[in-house]
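Contents: one structure, followed by commentary.
Order of the sequence lines sets the chain letters (A, B, ...), proteins ahead of strands, with each chain counted from 1.
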2 protein chains.
Amino acid sequence: MAKDASAGRGNTRGRILEACRLLFNERGPTDVTTAQIAAAVGINEGNLYYHFQRKEQMLEALFDLFEQALRVVAAADLAYAGDAPRYRDYLGGWFGLIWDWRFFYRDAGRVSRLAPGLRPRLKALSDEGEAQIRRALVGMREAGLMQATAEQTERLLVNAWIVSTYWIDYLRSRHGIADVKREHIDQGIRQVLELFVPYLTPRGLELTLPGRPDAA
Amino acid sequence: MAKDASAGRGNTRGRILEACRLLFNERGPTDVTTAQIAAAVGINEGNLYYHFQRKEQMLEALFDLFEQALRVVAAADLAYAGDAPRYRDYLGGWFGLIWDWRFFYRDAGRVSRLAPGLRPRLKALSDEGEAQIRRALVGMREAGLMQATAEQTERLLVNAWIVSTYWIDYLRSRHGIADVKREHIDQGIRQVLELFVPYLTPRGLELTLPGRPDAA
DNA sequence: GTCTATAATGAGATAGAC
DNA sequence: GTCTATCTCATTATAGAC
């Protein structure tokens with residue numbers, strides 16, 4: 001699930017960012033101190049400040065990485081329109097992303113306060129995310145995979161957004177799951193799909209639900 | 001929406017707790033300092049520490065109030081079983097509670113760290129909440145208001161939990177709504193009901209959806 | 001109960017040697 | 001690039017006068 005930004009040896013900057021991502025995901029950016037970050041990387045606090053003069057800059061650099069990862073997942077767009085879209089893989093990609101960068105979702109308010117410069121970028125990102133889900137839904141309707149009124153589609157959109165965004169936090173807060181595994185991601189996908197099921201046409205059901213052969 | 005725990009004049013303790021509730025809801029317990037709390041109450045920091053020796057104790061006292069409020073809402077249970085259950089009012093009560101005490105939901109991890117003694121109580125509370133929703137769903141099924149398999153009911157339960165728990169945070173994070181009004185609560189209720197609609201019988205639809213007369 | 005100090009800690013951040 | 005040493009400041013918390 002986790003990418004290895006710490007790969008390039010000698011790349012202290014990358015190792016710092018990777019440590020930040022892990023620690024921030026665990027406890028949130030405001031509850032992790034620079035001393036803890038330095039300790040996790042195995043360097044001195046002074047060295048940390050050589051690479052990032054302010055905590056704010058770490059958050060900005062992390063957001064850059066997040067955007068990159070996001071673009072990769074978004075690129076694996078459902079070129080749906082009828083031909084066997086891999087909805088489950090697609091959703092799995094999103095859940096993985098949300099998991100890897102969950103502090104940006106969970107602690108968005110704190111991130112905004114700590115790095116005000118990120119505010120517009122955070123907003124733009126979620127606007128784009130919504131637009132993307134909407135495109136997917138409209139595409140499914142047009143491809144005859146789904147049958148729903150415009151109003152139903154909008155409500156479905158919002159519910160899908162909420163369940164997919166908060167699924168990860170739900171696992172932690174409700175079931176104490178700190179270590180998310182593939183099966184948990186699959187469960188989340190199933191939960192989101194369940195929202196769609198009542199509106200799917202037989203053809204839509206075939207394409208999205210598991211257990212049924214992936215008829216072309 | 002907000003209860004007036006600050007009512008009894010001379011009751012500094014109550015005023016402190018109410019200030020805490022508001023501030024914690026705004027920024028979370030770890031991002032609000034004792035100085036800010038004292039300032040909000042209009043007292044000195046030293047005085048604050050006369051009433052609560054540790055921040056932890058404020059959280060514990062707040063949780064007591066939260067549990068009280070919760071019991072009140074829970075008492076307004078749906079004695080559903082067929083006769084005109086006021087699902088909307090019931091849901092509205094829950095949303096109001098979640099709104100008034102949203103930091104307990106949103107910052108549950110931080111609360112647990114700051115006041116470890118609350119951990120089992122937080123857990124017990126959400127277990128009970130889940131049991132309550134499950135009872136409501138099973139009740140609806142038995143009353144012929146809903147038609148769904150056991151598996152569908154379980155998924156519905158989880159999705160309803162997620163949407164109702166995170167609706168408030170969704171409003172803030174996605175739409176920047178800091179000041180939740182009656183209409184936003186109503187919207188949330190509508191979103192949750194939308195999850196049920198596909199499984200409702202005609203009689204169930206009559207009882208839950210607005211616009212239709214509340215036939216007895 | 002409430003205030004005025006003031007102590008104690010720990011976090012973010014910098015200077016300068018190596 | 002990395003370290004040691006140090007600074008500043010905010011935050012939690014206490015002592016003791018009123």
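- B:Arg54 has a side-chain polar atom (N or O) that falls below the 4.0 Å cut-off from OP1 or OP2 of D:dT14.
- In this structure, CD of A:Glu45 is placed 9 Å from P of C:dA11, rounded to the nearest angstrom.
- Look at OH on A:Tyr49: it is 17 Å from P on D:dT2, rounded to the nearest Å.
- Atom P of nucleotide C:dA11 and atom CZ of A:Arg27 are separated by 10 Å, given to the nearest angstrom.
- Closest to the side chain of A:Lys55, from the set C:dG1, C:dA13, D:dG1, is C:dA13.
- Using modelled atom types, one finds no donor on one side chain facing an acceptor on the other under 3.5 Å when comparing B:Tyr105 with B:Asp169.
- Taking atom CG on A:Asn44 and atom C1' on C:dC18, their separation rounds to 13 Å, with Å as the unit.
- Distances shorter than 4.0 Å separate some side-chain N or O of B:Thr34 from OP1 or OP2 on D:dT12.
- Between A:His175 and A:Tyr170, the ring centre distance stays below 6.0 Å.
- Ion pair B:Asp127/A:Arg174 flagged as a salt bridge, since at least one NZ, NE, NH1 or NH2 atom sits closer than 4.0 Å to an Asp/Glu carboxylate oxygen.
- One finds a side-chain N or O of A:Asn47 lying less than 4.0 angstrom from the OP1 or OP2 phosphate oxygen of D:dC3.
- The interatomic distance linking B:Gln53 (CD) with D:dA15 (C1') rounds to 14 Å, in whole Å.
- Atom CD of A:Glu128 sits in a sparse spot, with 12 or fewer heavy atoms from other residues, nucleotides or ligands closer than 6.0 Å.
- Here the P atom of nucleotide C:dA11 and the CG atom of A:Leu48 are 14 Å apart, to the nearest Å.
- For B:Thr33, the listed nucleotide lying nearest its side chain is D:dT11; candidates were C:dT2, D:dC3, D:dT11.
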